[in-house]
Protein chains: 2
Amino acid sequence: MKKTIVIVDDHILIAKALQGIIDNFAAFEVMYVCENGKELIKNFENSNKIPDILLLDISMPIMDGFETVTWVTAHHPEVKVMALSMQGEEKSVIKMVSNGAKGYLLKNAHPVELENALTKLNINGFFYPDWASKIIFSSLNKTKDAEIKISDREKEFLKYTVTELNYKEIADKMFCSPRTVESYRDQLCEKLELKTRVGLAVFAIKNGFA
Amino acid sequence: MKKTIVIVDDHILIAKALQGIIDNFAAFEVMYVCENGKELIKNFENSNKIPDILLLDISMPIMDGFETVTWVTAHHPEVKVMALSMQGEEKSVIKMVSNGAKGYLLKNAHPVELENALTKLNINGFFYPDWASKIIFSSLNKTKDAEIKISDREKEFLKYTVTELNYKEIADKMFCSPRTVESYRDQLCEKLELKTRVGLAVFAIKNGFA
DNA sequence: ATAAAATATGGGGTTTTCCCCATATTTTAT
DNA sequence: ATAAAATATGGGGAAAACCCCATATTTTAT
């Protein structure tokens with residue numbers, strides 16, 4: 001009996017193409033593909049449509065990989081989720097794994113690696129390439145960095161740092177005094193070990209706050 | 001006789017998966033796949049390895065789609081290049097088309113659309129979905145925007161704008177006077193209709209200069 | 001319950017950025 | 001060939017950002 005797989009990827013061409021590859025594997029077959037997490041949830045309402053393995057793209061418009069893996073882990077923990085992404089960005093790996101992903105594969109892997117990964121995932125219950133394991137282990141050590149908490153108000157401020165508004169104007173938008181805005185800057189600079197607004201703006205963009 | 005296709009995409013899994021789809025098409029067959037433009041050029045040195053159609057991903061590490069399509073158009077204008085990308089970002093479309101791409105397809109297309117696109121490309125010599133044509137035509141009107149040229153020196157400066165270096169320090173790195181650095185800023189701000197360094201930094205990141 | 005931490009605000013001063021003025025050289029285009 | 005544009009540099013001043021000081025309130029944690 002072949003193990004069943006569902007692919008979730010908003011790039012239909014890619015999803016279908018992957019399906020073609022997987023359907024040639026002896027031990028696996030694709031049940032169906034979805035464009036996003038929402039669609040997957042709808043399918044999961046039907047108990048006949050729950051697969052053994054979920055191949056999950058991370059960046060999706062409607063309900064992304066992080067949200068989806070969280071939902072699947074909560075509602076169908078028996079489904080093994082393998083994350084599939086372009087780059088192996090540290091934060092994505094940590095976020096996916098801590099939200100329940102059992103495997104992580106890059107899209108620049110070879111088809112044989114995909115088969116190998118699926119097999120390992122099926123037998124061992126998990127599959128992490130060396131580079132991913134490294135990230136996961138090293139993330140356990142530096143709990144300090146993970147402790148950086150950014151308040152809602154600071155997040156709001158970060159949105160404005162990437163604009164050409166000055167602090168006075170940001171204060172107006174945030175209904176507070178310019179001093180307060182400057183204190184957000186100072187606090188964030190301290191936490192993030194930055195010195196300038198440019199540094200904050202770059203941080204905001206690269207970490208999805210803007 | 002089937003039309004030959006070469007796929008260039010750094011995500012091997014995707015490239016191979018696409019190959020699987022295309023090889024099922026009656027009129028087309030994949031000759032080989034490459035991970036980047038450099039590899040393609042090496043292959044093109046052998047005249048037996050020049051295909052009818054090139055399926056070209058845009059974002060690649062070594063030699064990206066823009067550079068690659070420029071090279072191919074210059075050296076092998078008979079090869080029809082179809083750009084393949086995640087999103088249909090306006091700037092990417094314009095850049096690819098003005099550099100010689102004859103077609104543009106999103107990765108969230110259906111496999112049938114791919115076959116249709118390849119057929120049209122082969123028969124008509126071009127293929128642009130409606131959304132892409134719209135972008136191309138509207139870009140012809142606002143030639144002003146397209147005329148924005150950023151000099152090498154300004155590009156170098158843009159790299160530094162996203163750092164926490166001040167203009168004095170940037171001047172040291174660029175072996176010029178701080179005034180000169182400030183003139184780069186002023187010129188860029190004028191061209192890009194920006195006012196602050198933060199604006200420049202955001203521009204630099206979003207447009208791949210940093 | 002009480003201390004610690006986070007939030008919000010202010011005064012005042014230094015540095016950096018922004019923006020006006022201008023000039024000499026080099027490159028590009030007609 | 002000559003004008004226009006781009007490059008590189010400078011002076012000086014206004015505005016913004018940075019950074020020290022401090023305080024009152026609220027929230028969080030032990």
Side-chain angles (χ1 to χ4, degrees), chain A residues 142-207 209-210, chain B residues 70 74 98-99 142-207 209-210:
Chain A
K142 48 174 175 178
T143 34
K144 272 172 283 178
D145 286 13
E147 270 173 44
I148 292 173
K149 276 168 208 157
I150 295 168
S151 74
D152 289 348
R153 207 77 175 129
E154 285 167 348
K155 282 177 193 166
E156 202 184 335
F157 165 70
L158 277 177
K159 281 200 195 82
Y160 291 114
T161 52
V162 303
T163 70
E164 296 203 305
L165 299 174
N166 64 33
Y167 294 142
K168 170 78 184 62
E169 291 163 337
I170 294 175
D172 290 343
K173 294 259 182 193
M174 291 180 72
F175 303 104
C176 67
S177 129
R179 297 279 131 202
T180 307
V181 171
E182 294 204 47
S183 86
Y184 296 146
R185 178 205 53 209
D186 290 341
Q187 286 157 20
L188 283 167
C189 281
E190 173 135 25
K191 286 184 205 174
L192 305 169
E193 294 175 62
L194 295 171
K195 291 190 306 180
T196 68
R197 176 163 171 185
V198 170
L200 288 173
V202 172
F203 170 84
I205 294 176
K206 297 209 167 164
N207 292 82
F209 291 105
Chain B
T70 307
S98 58
N99 284 355
K142 46 175 176 178
T143 33
K144 272 171 281 178
D145 287 13
E147 272 174 41
I148 291 174
K149 275 168 208 158
I150 295 169
S151 73
D152 289 347
R153 205 79 174 129
E154 285 167 347
K155 281 177 194 168
E156 200 184 336
F157 166 70
L158 276 177
K159 281 200 196 81
Y160 291 115
T161 53
V162 303
T163 70
E164 296 202 306
L165 299 174
N166 63 34
Y167 294 142
K168 171 78 184 62
E169 291 162 338
I170 294 175
D172 290 342
K173 295 259 179 191
M174 292 180 71
F175 304 104
C176 66
S177 128
R179 303 284 148 210
T180 307
V181 171
E182 294 203 49
S183 86
Y184 296 145
R185 177 206 54 210
D186 290 341
Q187 286 158 19
L188 283 167
C189 280
E190 173 137 22
K191 285 184 204 173
L192 305 169
E193 294 176 63
L194 295 171
K195 291 190 306 180
T196 68
R197 176 162 171 187
V198 170
L200 288 173
V202 172
F203 170 84
I205 294 176
K206 298 208 166 165
N207 292 81
F209 292 105

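Residue numbering restarts at 1 for every chain, and letters A, B, ... go by the order of the sequence lines.
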Need one value for [X]: base, sugar-phosphate or nothing, where a base atom within 4.0 Å counts as base even if backbone is also close, heavy atoms only.
X	result
Ser177(B)	sugar-phosphate
Arg185(B)	base
Glu154(A)	sugar-phosphate
Lys168(B)	nothing

Would you mind telling me which of [options] lies closest to the side-chain atoms of [X]?
X	options	value
Arg197(A)	dA8(D), dA17(D), dC18(C)	dA17(D)
Arg179(B)	dT7(D), dG10(C), dT9(D)	dT9(D)
Gln187(A)	dT17(C), dT7(C), dT9(D)	dT7(C)
Ser151(B)	dC18(C), dT7(D), dT9(C)	dT7(D)

Complementary nucleotide of dG11(C), counting Watson-Crick and G-U pairs under 3.5 Å:
dC20(D)
Counting only Watson-Crick or G-U wobble pairs whose two distances fall under 3.5 Å, which nucleotide matches dT27(D)?
dA4(C)
Counting only side-chain nitrogens and oxygens, does Tyr184(B) get under 4.0 Å of the OP1 or OP2 atom of dA8(D)?
yes
Counting only side-chain nitrogens and oxygens, does Thr180(A) get under 4.0 Å of the OP1 or OP2 atom of dT9(C)?
yes
Any ion pair linking Glu156(B) and Arg153(B) (charged N to carboxylate O, less than 4.0 Å)?
yes
Pairing of Glu182(A) and Arg185(A) as salt bridge, 4.0 angstrom limit:
yes
Distance-only, no hydrogens or angles: does the Glu169(A) side chain make a donor-acceptor pair with backbone N or O of Asn166(A) under 3.5 Å?
yes
Between Ile170(A) and Tyr184(A), does the side chain to side chain contact (heavy atoms under 4.5 Å, CB included) criterion hold? Intermediate values first, please.
CA-CA 11 Å; Ile170(A) 294 175; Tyr184(A) 296 146; over 6 Å; no
